[in-house]
There are 2 protein chains.
Amino acid sequence: MLVHLRPTQEDFEARAKVMKALAHPTRLMMIEELSRGERCVCELRDLADRDLSTVSKHLSILKDTGIVEDEKRGKQVFYRLRVPCVLNFFHCLDSVLTARDRLG
Amino acid sequence: MLVHLRPTQEDFEARAKVMKALAHPTRLMMIEELSRGERCVCELRDLADRDLSTVSKHLSILKDTGIVEDEKRGKQVFYRLRVPCVLNFFHCLDSVLTARDRLG
DNA sequence: GAAACACTTGGCAATATTGCCAAATAAAAA
DNA sequence: TTTTTATTTGGCAATATTGCCAAGTGTTTC
């Protein structure tokens with residue numbers, strides 16, 4: 001892959017779609033939780049304190065984007081992180097926040 | 001900073017705010033461009049092909065979040081990247097995309 | 001098979017985001 | 001000082017996101 005070509009408009013749109021999937025507190029919480037191992041929808045609902053349908057829709061956004069994958073076992077559906085590098089974002093997000101706190 | 005405490009709801013909300021600021025194709029393009037050095041608003045407008053007011057508002061979102069900073073010199077306002085670690089996101093975003101392409 | 005369980009999907013109202021135009025501001029040039 | 005250049009801000013319509021309830025799907029348990 002040639003690394004010095006500027007990304008196209010479509011590249012930025014595709015990337016933004018992934019960022020959007022990450023840009024919600026509940027979904028960030030779910031990702032953090034899934035970094036500890038797979039979880040069923042009901043466990044994530046308890047943590048999120050939201051309606052089950054709401055949690056399910058958040059998960060389907062993450063799944064459609066390719067960030068998580070699911071597997072049905074018995075009555076339950078388990079989700080797990082498919083692309084763990086998104087976890088690296090958290091450190092940087094926090095450093096943006098502390099940078100902003102230090103100055104205006 | 002104790003690293004094993006789970007982030008609070010507020011932590012996730014603050015992080016999501018930063019992610020949201022990044023979750024737009026035009027703003028991602030601006031960040032990529034600013035990684036090459038400071039740019040004035042007019043240069044970014046030419047690249048974005050959007051109304052100047054639109055570009056200015058995108059930049060103020062990035063500024064309010066703490067991702068970029070601005071400096072007025074003469075007639076122009078120059079923006080530069082304040083927290084370069086956000087550039088590391090791009091590789092991971094692309095790997096999410098290729099992971100999704102490889103499987104459903 | 002009927003009931004219970006674990007989800008997903010449809011629909012909709014409330015809210016947030018986006019992008020343009022027009023108007024305001026601020027510095028430089030004439 | 002008037003005009004031009006560079007940018008920001010206000011306002012608004014179009015669009016997207018969010019979260020709940022209700023209804024639907026697929027398993028398992030009885």
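Chain letters run A, B, ... following the sequence lines, proteins first and then strands; every chain starts at 1. These numbers come from a predicted model, not from an experiment.
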Could you state the atom-to-atom distance from [atom1] of [X] to [atom2] of [N] in whole Å?
{"X": "B:Q76", "N": "D:dT8", "atom1": "CD", "atom2": "P", "answer": "11 Å"}
{"X": "B:R39", "N": "D:dT7", "atom1": "CZ", "atom2": "C1'", "answer": "18 Å"}
{"X": "A:K72", "N": "D:dT25", "atom1": "NZ", "atom2": "P", "answer": "13 Å"}
{"X": "A:D70", "N": "D:dG26", "atom1": "CG", "atom2": "P", "answer": "15 Å"}
{"X": "B:K75", "N": "D:dT5", "atom1": "NZ", "atom2": "C1'", "answer": "4 Å"}
{"X": "B:F78", "N": "D:dT7", "atom1": "CZ", "atom2": "C1'", "answer": "12 Å"}

**Prompt:** Near DNA chain C, which residues from residues 41-62 of chain A have a heavy atom under 4.0 Å away?
**Reply:**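 Hits under 4.0 Å, by residue number: A:V41, A:C42, A:L52, A:S53, A:S56, A:K57.
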
**Request:** Identify whether the distance between the nearest side-chain nitrogen and carboxylate oxygen of A:E10 and A:R15 falls below 4.0 Å.
**Result:**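 Answer for the salt bridge query: no.
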
**Prompt:** So, are B:R27 and B:E32 salt-bridged, with charged N and O less than 4.0 Å apart?
**Reply:**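 No salt bridge links B:R27 with B:E32.
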
Which atom pair, heavy atoms only, marks the closest approach of [X] to [Y]?
{"X": "B:R100", "Y": "A:D64", "result": "CD-O, 3.2 Å"}
{"X": "A:S95", "Y": "B:C85", "result": "OG-SG, 3.5 Å"}
{"X": "A:V83", "Y": "B:A99", "result": "CG2-CB, 4.0 Å"}

**Complete:** So, with a heavy-atom separation below 4.0 Å from DNA chain D, the residues of residues 13-29 of chain A are A:K20, A:H24, A:R27

**Message:** I want to check one thing: is the phosphate of C:dC7, taken as OP1 and OP2, less than 4.0 Å away from some side-chain N or O of A:Y79?
**Reply:** no

**Request:** Assess A:R39 against A:Y79: is NZ or CZ under 6.0 Å from the centre of the six-membered ring, and within 45 degrees of the ring's axis?
**Result:** no

Could you list the donor-acceptor pairs under 3.5 angstrom formed between side-chain atoms of residues 42-49 of chain A and any protein atom two or more places apart in sequence or on another chain?
from, atom 1, to, atom 2, distance (Å)
A:E43, OE1, A:C40, N, 2.9

**Request:** Indicate the ring-plane relationship of A:F12 and B:F90, choosing parallel, tilted or perpendicular according to the 30° and 60° boundaries.
**Result:**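 Ring orientation of A:F12 relative to B:F90: perpendicular.
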
